[in-house]
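All remarks here apply to the structure that follows.
Every value quoted in this text rests on a predicted model; they were computed, and no experiment measured them.
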Amino acid sequence: MDCLIHSIEPSCRRRSRPGPMSFVRHFKYKIVKQATDDFRKVLYSNVHGTAYRAVLRGGRFAMVKDVRDCDQEEDLFYREVQLIGRLHHRHILLLLGFSLGRKRLLIFETAENGSLRDHLNDPFKTPLNWRTRLQIAVGVAAALEYLLVFNDPPISHISVNSSNIMLDDNFNAKLSDIGILNSGNGADRKASCSKDCMGQECGNIIFQLGVLILELVTGQASENGGADLIQWIQEPRLSFSQSIDRMIDPDLGNTYDDVELKNLLSVARLCIKSAKNPSFPIKQLFRYLQKKLDFPHVH
């Protein structure tokens, strides 16, 4: 982190009006712009914003994300940035700071192995083994439990897909797309995200987790919202069982465990059903994953 601090010369934000940035660092906009090659190094883009790769002095990397809603009041923006800055979880990218200019920017720690999508789709990358894929599924579920259940107020403006799941040097999953806009105030968040996380907003997030699991199993990108994968998981049991062998990622060969595969696909099916009618809260799904896949110590 010291390398990052010295490389793009942040200064602490000091403000006399409401919303002081007490612990999130302020980075100079022109330096961040240079580090992203004038915002040309795009990692991913969606409704929440665009993420860029930043190359820092000495060859170090960071991820810079722009926040698209520039109509938000500045003090509300600062409060939301502090909220994200307080998030500390092994499966969530750490927010290092922010920058203001023509874009509102968030600067995150880097993940050495890039995105999950890269590893599933790039033929030049070493395929992810079965155990690593299970580790990623459980890690993402752990991050969602933290955000939706244990964080106060709950964070429910989240996007989950292989493009914004980043992988560190040990291939641990790092959730990188936690929206800070359109989240409302704390009371609004609590109202939309019930104690057991059974509301529609949470159901949509759990649905995204299901699509991600299908990507991990099949190695296929979830184009068009994962329509093909969703259609497959919703097939009648008999035809679904008969199609598993041809749907599983060929890169896995025969290295996967049949029982673990069936358990993982069962979780995916439950998650997909949550889009219309959430039946199982994320906490229960996470505990099921831990138990069935033998990952008892993920937090």
Side-chain angles (χ1 to χ4, degrees), residues 87-94 111-120 126-151 154-156 158-178 196-197 202-220 222 226 229 233 244 248-249 251-252 255-274 278-299:
L87 300 177
H88 289 279
H89 191 277
R90 65 175 299 192
H91 294 293
I92 296 175
L93 277 186
L94 179 67
E112 291 80 354
N113 278 310
S115 74
L116 172 60
R117 185 184 182 91
D118 290 341
H119 285 271
L120 291 177
T126 302
L128 299 173
N129 63 39
W130 179 244
R131 199 63 182 170
T132 297
R133 297 183 197 215
L134 297 183
Q135 172 182 294
I136 291 169
V138 175
V140 173
L144 294 179
E145 181 195 41
Y146 169 76
L147 292 168
L148 297 171
V149 179
F150 294 114
N151 198 65
I155 303 291
S156 57
I158 306 165
S159 177
V160 181
N161 61 62
S162 59
S163 294
N164 54 50
I165 301 299
M166 313 305 286
L167 304 176
D168 68 12
D169 55 348
N170 291 316
F171 290 92
N172 292 306
K174 299 276 188 176
L175 190 61
S176 72
D177 197 356
I178 301 168
D196 292 325
C197 192
C202 292
N204 290 335
I205 295 168
I206 293 172
F207 169 83
Q208 293 176 52
L209 174 62
V211 175
L212 180 76
I213 291 174
L214 295 180
E215 289 189 73
L216 288 167
V217 169
T218 65
Q220 299 180 25
S222 56
L229 298 179
I233 198 71
I244 289 178
I248 196 165
D249 189 350
D251 287 336
L252 286 170
T255 62
Y256 59 90
D257 180 278
D258 286 331
V259 174
E260 290 179 333
L261 173 62
K262 290 178 181 178
N263 287 333
L264 193 60
L265 289 173
S266 294
V267 172
R269 187 184 289 266
L270 291 174
C271 290
I272 296 301
K273 288 182 178 179
S274 291
S279 301
F280 296 91
I282 186 62
K283 189 173 183 178
Q284 185 173 343
L285 288 169
F286 174 47
R287 296 291 179 263
Y288 181 86
L289 275 171
Q290 283 184 306
K291 180 179 179 180
K292 294 297 184 181
L293 304 181
D294 192 25
F295 279 92
H297 303 300
V298 178
H299 299 286

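- The side-chain contact (heavy atoms from CB on, under 4.5 Å) with L212 is formed by just one residue from the set L229, N161, V140; it is V140.
- Inter-residue side-chain proximity for L147 and I92 is flagged as met; some heavy-atom pair is nearer than 4.5 Å.
- The nearest pair of heavy atoms linking G210 to I272 is C-CD1, 4.0 Å.
- In terms of heavy-atom proximity, A141 sits nearest to I282 at O-CG1, 4.2 Å.
- Rounded to the nearest 0.5 Å, atoms CG (L120) and OG1 (T218) are 8.0 Å apart.
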What verdict does the side-chain contact (heavy atoms from CB on, under 4.5 Å) test give for H88 and L94, after you've listed the backbone C-alpha separation in whole Å, the side-chain angles of each residue and the deciding distance to 0.1 Å? CA-CA 7 Å; H88 289 279; L94 179 67; 3.3 Å; yes
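- Remark: side-chain polar atoms of S163 are not paired, donor with acceptor, to backbone N or O of R117 under 3.5 angstrom.
- Interatomic distance, OG of S115 versus CG of L167, reported as 7.5 Å (0.5 Å rounding).
- Side-chain N or O atoms of K174 include one that pairs as donor or acceptor with a backbone N or O of R90 at under 3.5 Å.
- In terms of heavy atoms, S159 sits closest to N164 at O-OD1, 3.2 Å.
- Contact annotation: the side chain of I206 approaches that of C271 to within less than 4.5 Å [non-hydrogen atoms, C-beta and beyond].
- A donor-acceptor pair is defined here as one N or O able to donate and one able to accept, closer than 3.5 Å; no such pair exists between the side chain of Y288 and the backbone of N263.
- Taking the side chain as every heavy atom from C-beta outward, Q135 and N172 approach each other to under 4.5 Å.
- Rounded to the nearest 0.5 angstrom, I205 CD1 and S274 OG are separated by 11.5 Å.
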With side-chain contact (heavy atoms from CB on, under 4.5 Å) as the test, would you mind laying out the steps for W130 and E260 before giving the verdict? CA-CA 10 Å; W130 179 244; E260 290 179 333; 2.9 Å; yes
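- Side chains of I233 and L265 form a contact here, defined as non-hydrogen atoms less than 4.5 Å apart.
- Between D251 and P127, the closest heavy-atom pair is CB-CB, 3.7 Å.
- Summarising the geometry, atom NE2 belonging to H91 is positioned 11.0 Å from atom CD belonging to E145; distances are rounded to the nearest 0.5 Å.
- When D249, I213, V217 are each tested for a side-chain contact (heavy atoms from CB on, under 4.5 Å) with R133, only one passes: D249.
- Remark: side-chain polar atoms of H119 are paired, donor with acceptor, to backbone N or O of N113 under 3.5 angstrom.
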One pair to check against side-chain contact (heavy atoms from CB on, under 4.5 Å): V160 and D177. What are the steps and the verdict? CA-CA 7 Å; V160 181; D177 197 356; over 6 Å; no
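- The CD1 atom of I244 lies 5.5 Å from the CG atom of L261; values are rounded to the nearest 0.5 Å.
- At least one donor-acceptor pair closer than 3.5 Å links the side chain of N129 to the backbone N or O of T132.
- Between the D168 side chain and the F171 main chain, a donor and an acceptor come within less than 3.5 Å of each other.
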I136 vs L128, test: side-chain contact (heavy atoms from CB on, under 4.5 Å). Steps then yes/no. CA-CA 10 Å; I136 291 169; L128 299 173; 4.0 Å; yes
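- Closest heavy-atom contact between M166 and A111: CB-CB, 3.5 Å.
- Contact detail for E215 and S162: the closest heavy-atom pair is OE1-OG, 2.7 Å.
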